[in-house]
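First comes the structure, then the notes that go with it.
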Amino acid sequence: MSTDLPMDIPLPPGPLRMGGAHFKKDQDFIEAGIRDVRMLRRTAGLTRRKTLLDWGCGAGRLAVGVKHLLGHVADYHGVDVQPELLNWARDHLSDAHTRFTLVDQKNARYNPDGDETYDIPAEPGSVDVLYSYSVFSHMLTEDIAGYGRTIARILSPEGRAWMTAFVEEDVPDCVENPTDYLKLDWKGALHCVRFDRRFFEATLWDAGLAVEQYVHGRETDGQSMYVLRRR
Ligand SMILES: C[S@@+](CC[C@H](N)C(=O)[O-])C[C@H]1O[C@@H](n2cnc3c(N)ncnc32)[C@H](O)[C@@H]1O
């Protein structure tokens, strides 16, 4: 994809960009955000009038995509546990329709000393589109169940959750850093958590979420894409 990119939207410095080598080039970072906004429009009904919660927003890759493609949505709310990333996004990308909230919840990889709760800062029924790119890929079964219940509660009745995860058919239910998986060397806490598809979808179902769309292996490092709705 080649896009004429306006230069006046700030970009986070390289060390604050999540996603390894994939997003180090400015062009790649911006185009990935734009691509995902297009996808949210197509698969999750995102428009400028909708509320968008970017759970695990990092330094605001999707917010940059929203600004480039739509200007703004009704309410973009980025949430993350890493202060350096979140504070950069808040300081450089906030505006009347764009806000960021730092939360202090435990994730053994990103925030090991945080609280063990499954809250997401949003009112029940208030989120039209929840986007969560490469967040469940760093979480274990009880987190999927706990945050899944929260997501089912905060989605609006017609809302959609768009997310990625490592999911395969006929593998053990949940494995942290599986060996010889996708030709990558997974190391360190929760680098890659892989789920069995049936188990993952049953866990989400029990949490109150139904699968509307699934595309295997198309996202970063071979993650799969889900669109979920309240059941
Ligand atoms: C692989 S990064 C992806 C960042 C961003 N979604 C993107 O695609 O550029 C995963 C992000 O999830 C965040 N995260 C992990 N656990 C979280 C939690 N419980 N609440 C909010 N954010 C969390 C991490 O801090 C990290 O920024």
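For ligands, and for the atoms within them, numbers begin at 1 and follow the listed sequence. Basis for what follows: all heavy atoms, side chains included, without hydrogens, waters or symmetry-related copies. Here the structure is a predicted model, which is why all the values come from computation and not from measurement.
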Of the side chain and backbone of D80, name the one, both, or neither that has a heavy atom under 4.0 Å from an atom of ligand 1. both

For F166, the option from W186, F136, Y226 that meets ring pair (Phe, Tyr, Trp, His ring centres under 6.0 Å): W186

Nearest 0.5 Å, please: how far is CG in D170 from CZ in R197? 10.5 Å

Would H97 and Y76 satisfy ring-ring contact (aromatic ring centres under 6.0 Å, His included), going step by step from the backbone distance to the final call? CA-CA 6 Å; H97 298 275; Y76 166 96; over 10 Å; no

Atoms in ligand 1 with a heavy atom of Q82 nearer than 4.0 Å: 24 (C), 25 (O), 26 (C), 27 (O)

Structural part of V135 in contact with ligand 1, heavy atom criterion under 4.0 angstrom: side chain

Give a yes or no on whether a salt bridge exists between R35 and E219, defined as a side-chain N under 4.0 angstrom from a carboxylate O. yes

Counting neighbours of CZ on R230 that are heavy atoms of other residues, nucleotides or ligands and sit closer than 6.0 Å, is the number greater than 12? yes

Where ligand 1 meets G58 - atom numbers and elements under 4.0 angstrom, heavy-atom basis: 27 (O)

Note the single closest protein heavy atom to atom 18 (C) of ligand 1, along with its residue, its atom name and the distance in Å. V81 CG1, 3.5 Å

What I want to find out is whether R61 reaches D36 closely enough, with some N-O distance under 4.0 Å, to be called a salt bridge. yes

So which heavy atom in the protein is nearest atom 15 (C) of ligand 1, and how far is it from that ligand atom? N107 ND2, 3.6 Å

Which residue owns the protein heavy atom closest to atom 21 (C) of ligand 1, what's the atom, and how far is it? W55 NE1, 3.6 Å

Which residue and non-hydrogen atom of the protein lie closest to atom 2 (S) of ligand 1, and at what distance in Å? M18 CB, 3.7 Å

Have a look at ligand 1 and work out which part of Y133, if any, has a heavy atom under 4.0 Å from it: side chain, backbone, both or neither. both

Side-chain ion pair, D143 and K106, N-O less than 4.0 Å: no

So for ligand 1, is G56 a polar contact partner (N or O within less than 3.5 Å, distance only)? yes

If the contact criterion is a heavy-atom separation under 4.0 Å, does M139 count as touching ligand 1? yes

Contact (N/O only, under 3.5 Å) between R61 and ligand 1: yes

Between R99 and D75, is there a side-chain N and carboxylate O pair less than 4.0 Å apart? yes

Under the 3.5 angstrom rule, does the side chain of D196 hit a backbone N or O of V171 as a donor-acceptor pair? yes

Quick one: do K187 and D185 make a salt bridge, cutoff under 4.0 Å? yes

Selected option - heavy-atom contact closest to atom 1 (C) of ligand 1, from S134, S137, G78: S134

Identify, by atom number and element, the atoms of ligand 1 in contact range of H138, meaning under 4.0 Å from any of its heavy atoms. 1 (C)

Subset of ligand 1 atoms that lie under 4.0 Å from at least one heavy atom of Y147: 19 (N)

Given that the side chain starts at C-beta and the backbone is N, CA, C, O, which of these parts of F23 lies under 4.0 Å from ligand 1, counting heavy atoms, or is it both or neither? neither

